[in-house]
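Below you'll find the structure, written out as structure tokens, and then a few comments.
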Amino acid sequence: MKVYFIGAGPGAADLITIRGAEILSRARLVMYAGSLVSEAMLSHCRANPLIVNTAKLNLDEQVEFYLQAKERDWDVARLHSGDPSIYGATAEQMRGLRELEIEYEVVPGVPSFVASAAVLQTELTKPNISQTIILTRTSGRASPVPAKENLRSLAAHQATLCIFLSGANLPEVIEELSFHYPKDTPVALVQRASWPEERSHRGRLGELLSQIEPRSWLLTTMLLVGRTLDENIVSESRLYAADYTHRFRRATKNEPE
Ligand SMILES: C[S@@+](CC[C@H](N)C(=O)[O-])C[C@H]1O[C@@H](n2cnc3c(N)ncnc32)[C@H](O)[C@@H]1O
């Protein structure tokens with residue numbers, strides 16, 4: 001018996017990994033948070049699994065299901081949206097499993113900030129623009145952000161920022177970012193990337209709030225910020241330049257004098 005923490009990806013049923021889908025196709029017990037993992041994902045399940053929506057269960061109640069699965073020698077597929085290592089509340093589950101000496105394994109998934117970049121058809125790292133991606137969020141009741149990671153201090157880097165779990169705080173977020181990012185910095189909102197309801201909005205930091213209805217972006221929204229989102233800025237890596245030689249390819253043109 002084993003518990004598999006599986007990254008279900010951002011939503012679309014075909015964005016789970018082959019490994020994750022294979023485990024789902026044989027697990028007798030499937031646990032998932034119904035608010036974040038789409039029901040379409042359950043199409044990968046075997047016939048008649050026991051399916052538990054964890055949205056209304058506390059940690060002890062979830063652990064009780066793990067114990068029952070252990071008694072029956074059932075493998076458990078525990079689905080988490082995106083990748084389980086990011087805002088997944090998996091640490092406490094894993095600690096509980098270690099205490100109970102239940103074996104577990106983690107199967108990675110496509111994180112939502114990556115799926116959001118795909119929606120925007122953009123590269124989040126561009127030479128000389130930004131080579132750093134900061135993943136962060138605003139504080140929630142369940143998970144406070146340490147004071148030293150406050151948004152204003154992160155904004156000082158002017159790196160590419162991907163802000164999770166903050167749709168309800170957009171005005172405050174924009175205010176904090178404006179201390180360091182210029183008002184014409186490109187920003188984008190992506191909601192429910194890869195779901196049928198997917199939508200996105202691109203704008204500039206200083207005008208975003210006048211262009212959108214913030215209350216319609218409360219849930220399952222990613223805010224991306226930074227000059228890498230500007231598709232008009234020409235910034236190319238030398239990696240594929242014809243006059244650039246590296247370990248695996250010789251230049252076909254001379255380097256400019
Ligand atoms: C509890 S966190 C889970 C993050 C997840 N583990 C991951 O790797 O993306 C939920 C937040 O992730 C973001 N999110 C999750 N799925 C998303 C999607 N399909 N589109 C946009 N943002 C998403 C939103 O910011 C949402 O509030």
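As the structure lists them, so they are numbered: ligands from 1, and atoms in each ligand from 1. Please read all numbers here as calculations on a predicted model, not as lab measurements. Residue indices begin at 1 and follow the sequence shown.
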Output yes when a side-chain donor or acceptor of [X] lies under 3.5 Å from a complementary backbone atom of [Y], and no otherwise.
X: S166; Y: T138; answer: yes
X: E231; Y: T122; answer: no
X: E22; Y: I18; answer: no
X: Q211; Y: G203; answer: no
X: R202; Y: L120; answer: yes

Which heavy atom of the protein is the closest neighbour of [atom], given with residue, atom name and distance?
atom: atom 16 (N) of ligand 1; value: S112 CB, 3.5 Å
atom: atom 25 (O) of ligand 1; value: T221 O, 2.8 Å
atom: atom 1 (C) of ligand 1; value: Y87 O, 3.3 Å
atom: atom 22 (N) of ligand 1; value: T220 O, 3.6 Å
atom: atom 4 (C) of ligand 1; value: I86 O, 3.6 Å
atom: atom 12 (O) of ligand 1; value: F164 CD2, 3.5 Å
atom: atom 18 (C) of ligand 1; value: A193 N, 3.4 Å
atom: atom 8 (O) of ligand 1; value: D83 N, 2.8 Å

Starting at CZ of F113, measure out to CG of L135 and round the result to the nearest 0.5 Å.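 Rounded to the nearest 0.5 Å, the CZ-CG separation comes out at 4.5 Å.
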Here's one to test your reading of the geometry: is the NZ or CZ of R28 within 45 degrees of the ring axis of Y4 and under 6.0 Å from its centre?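 Judged by the rule, R28 and Y4 form no cation-pi pair.
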Is the charged tip of R137 near the ring of Y87: under 6.0 Å from the six-membered ring centre and within 45° of its axis?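 Yes - R137 lies over the ring of Y87, closer than 6.0 Å to its centre and within 45° of its axis.
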Would P10 count as being in polar contact with ligand 1, using the rule that some N or O on each side must be under 3.5 angstrom apart?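 Yes, there is a polar N/O contact under 3.5 Å.
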Please confirm whether S81 comes within less than 3.5 Å of ligand 1 when only nitrogen or oxygen atoms on both sides are compared.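 Yes: some nitrogen or oxygen of S81 is under 3.5 Å from one in ligand 1.
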Using a 4.0 Å cutoff against the non-hydrogen atoms of P111, which atoms of ligand 1 qualify?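 Ligand 1 atoms under the 4.0 Å threshold to P111: 8 (O), 9 (O).
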Report, in ascending order of atom number, the atoms of ligand 1 lying under 4.0 Å from any heavy atom of W195.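 Near W195, the atoms of ligand 1 are 19 (N).
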Selection from V110, V190, L223, L165 by shortest heavy-atom distance to atom 11 (C) of ligand 1: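 Minimum heavy-atom distance to atom 11 (C) of ligand 1 goes to L165.
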H80 touching ligand 1 at heavy-atom level, < 4.0 angstrom: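 No, that is not the case, since the closest heavy atom of the residue is not under 4.0 Å from the ligand.
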Salt-bridge test for E176 and R152: reply yes if a basic N is under 4.0 Å from a carboxylate O, no otherwise.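 Between R152 and E176 there is a salt bridge, with a charged N closer than 4.0 Å to a carboxylate O.
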